[in-house]
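Some notes on the structure that comes next.
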Amino acid sequence: MDINLLVNVTARAWALPVLAALHRGTPAKQATLLTATRAGRTALRQSFDHLITLGLLERNPGHGHPLRPEFQLTAQGISAATMADRLLSEVEENKHPLLRRAWTAPVLATLREPLRFNEIRRRLDPITDRALSQTLLVLENGEWVERGVVETARPPVALYSTINQGKLISEHLASALR
């Protein structure tokens with residue numbers, strides 16, 4: 001998986017939980033995935049369509065029998081689902097909403113080392129300044145990212161680095177993106 005695919009997958013809030021649930025063996029039917037993810041019906045349907053567009057999920061051509069799944073993972077979807085399951089299993093359940101935010105995972109993936117705001121933005125080219133600053137603020141409040149200031153530099157420089165669970169997630173994403 002590359003960073004662009006990660007950005008695209010996380011554009012839908014329920015895409016990672018859907019992939020993780022499928023990896024864990026949840027039957028790939030809308031009703032069972034609604035229960036497993038606790039997503040709304042419309043949001044789940046949009047996530048299905050999004051994952052199909054990305055080529056990670058496909059409609060099962062043999063669907064129609066009550067025991068056959070409605071959807072199935074593609075080859076690329078299997079590796080993405082493995083990554084999603086590992087990622088969500090490392091995070092406390094009360095912090096899962098933080099991972100459902102669009103830019104959380106891509107920002108954490110880029111913070112393998114302390115970086116300045118503009119360096120993060122350059123590595124995540126489509127991100128806007130506003131989206132990045134809001135994401136960093138939410139991650140700071142969630143205690144996954146720390147903003148430090150290098151006073152010896154002129155002018156002083158702010159560096160962002162991962163801490164606590166953010167560090168674990170960053171390391172996991174870094175290995176998954178290699």
Side-chain angles (χ1 to χ4, degrees), residues 1-112 123-128 131-132 134-135 138-139 142 144 162 165-166 168-178:
M1 178 181 272
D2 68 350
I3 190 74
N4 293 326
L5 182 58
L6 181 63
V7 167
N8 288 327
V9 167
T10 58
R12 291 278 181 224
W14 293 99
L16 283 176
V18 165
L19 289 171
L22 291 173
H23 182 265
R24 281 186 237 115
T26 302
K29 294 182 176 240
Q30 185 171 350
T32 54
L33 286 167
L34 277 168
T35 303
T37 62
R38 291 177 284 194
R41 189 173 302 277
T42 303
L44 189 65
R45 173 58 57 195
Q46 290 172 346
S47 294
F48 288 149
D49 293 341
H50 183 67
L51 291 169
I52 289 169
T53 302
L54 293 176
L56 302 177
L57 195 64
E58 62 188 5
R59 295 189 190 287
N60 187 349
H63 175 68
H65 187 277
L67 298 177
R68 289 196 187 107
E70 188 176 346
F71 301 97
Q72 57 191 22
L73 292 166
T74 63
Q76 187 179 16
I78 291 170
S79 66
T82 302
M83 183 273 306
D85 185 44
R86 284 187 188 146
L87 187 61
L88 290 174
S89 66
E90 287 183 13
V91 176
E92 300 165 18
E93 191 155 341
N94 65 338
K95 297 276 189 169
H96 281 195
L98 193 54
L99 270 179
R100 288 197 310 262
R101 293 180 58 90
W103 288 102
T104 296
V107 167
L108 289 173
T110 60
L111 284 174
R112 291 174 284 224
R123 292 181 186 193
L124 297 173
D125 188 30
I127 196 168
T128 63
L132 180 56
Q134 286 180 340
T135 300
V138 167
L139 291 174
W144 285 5
T162 55
Q165 278 195 314
L168 294 172
I169 295 167
S170 178
E171 291 168 359
H172 173 72
L173 288 169
S175 67
L177 294 175
R178 286 185 190 150

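Side chains included, hydrogens not; waters and symmetry mates left out as well; all remaining heavy atoms used. The first residue in the sequence is number 1, and the count goes up from there.
Legend: residues meeting salt bridge (charged side-chain N to carboxylate O under 4.0 Å, His left out) with Arg123, ordered by chain and number and at least two apart, are Glu113.
In this structure, Ala20 and Leu88 approach most closely via the heavy-atom pair CB-CD1, 3.6 Å. Considering all non-hydrogen atoms of both residues, Leu22 and Ala28 come closest at CD2-CB, 3.5 Å. Shown here for Lys95 and Gly142, the closest heavy-atom pair between the two residues is NZ-O, 3.0 Å. The minimum heavy-atom distance linking Leu73 with Ala81 is given by the pair CD1-CB, 3.7 Å. Considering all non-hydrogen atoms of both residues, Ala176 and Met83 come closest at CB-CG, 3.6 Å.
Under a 3.5 Å cut-off, the side chain of Thr104 and the backbone N or O of Leu99 do not form any donor-acceptor pair. Between the side chain of His23 and the backbone N or O of Val18 there is no donor-acceptor pair closer than 3.5 Å. Although no hydrogens or angles enter the test, the distance criterion places a donor-acceptor pair under 3.5 Å between the side chain of Thr82 and the main chain of Ile78. Side-chain atoms of Thr32 do not come within 3.5 Å of backbone N or O of Thr26 as any donor-acceptor pair. Judged purely by atom type and a 3.5 angstrom limit, Thr37 has no side-chain atom pairing as donor or acceptor with the backbone of Pro17. Under the 3.5 Å distance criterion, the side-chain polar atoms of Thr53 are matched with a main-chain donor or acceptor of Asp49.
Here the CG-CG distance, from Leu56 to Leu51, works out to 5.5 Å after rounding to the nearest 0.5 Å. The distance from atom NZ of Lys29 to atom CG of Leu34, rounded to the nearest 0.5 Å, is 13.0 Å. Distance CG/Leu57 to NE2/His50: 11.5 Å, rounded to 0.5 Å. How far CZ of Arg41 is from CG of Leu33: 11.5 Å, rounded to the nearest 0.5 Å. In this structure, CD in Gln72 is found 4.0 Å from CG in Asn60, a value given to the nearest 0.5 Å. Annotation: the span from Ser47 atom OG to Arg100 atom CZ amounts to 10.0 Å, rounded to 0.5 Å.
No side-chain heavy atom of Glu58 sits less than 4.5 Å from a side-chain heavy atom of Phe71. Looking at Val9 and Leu19, their side chains come closer than 4.5 Å, going by heavy atoms from C-beta outward. For the pair Thr162/Ile169, no side-chain contact is recorded, criterion being any heavy-atom separation below 4.5 Å from C-beta on. Gln30 is listed as a side-chain neighbour of Phe48, based on a closest heavy-atom distance under 4.5 Å. Side-chain contact between Leu16 and His96 is absent, with no heavy-atom pair separated by less than 4.5 Å. Counting only heavy atoms from C-beta outward, the side chains of Gln165 and Glu90 never approach each other to under 4.5 Å.
Salt-bridge check for Arg86 with Glu171: failed, with every basic side-chain N at 4.0 Å or more from each acidic carboxylate O. A salt bridge between Glu93 and Arg38 is present, with a side-chain N of the basic residue lying under 4.0 Å from a carboxylate O of the acidic one.
Here the rule is side-chain contact (heavy atoms from CB on, under 4.5 Å) with Trp103, and of Thr135, Thr128, Thr10 only Thr135 fits it. Of the candidates Leu111, Val107, Leu98, Val138, Trp144 forms a side-chain contact (heavy atoms from CB on, under 4.5 Å) with just one, namely Leu98.
Sorted by first and then second residue, the salt bridge (Lys or Arg N to Asp or Glu O under 4.0 Å) pairs involving residues 1-28 (not counting sequence neighbours) are Arg24-Asp85.
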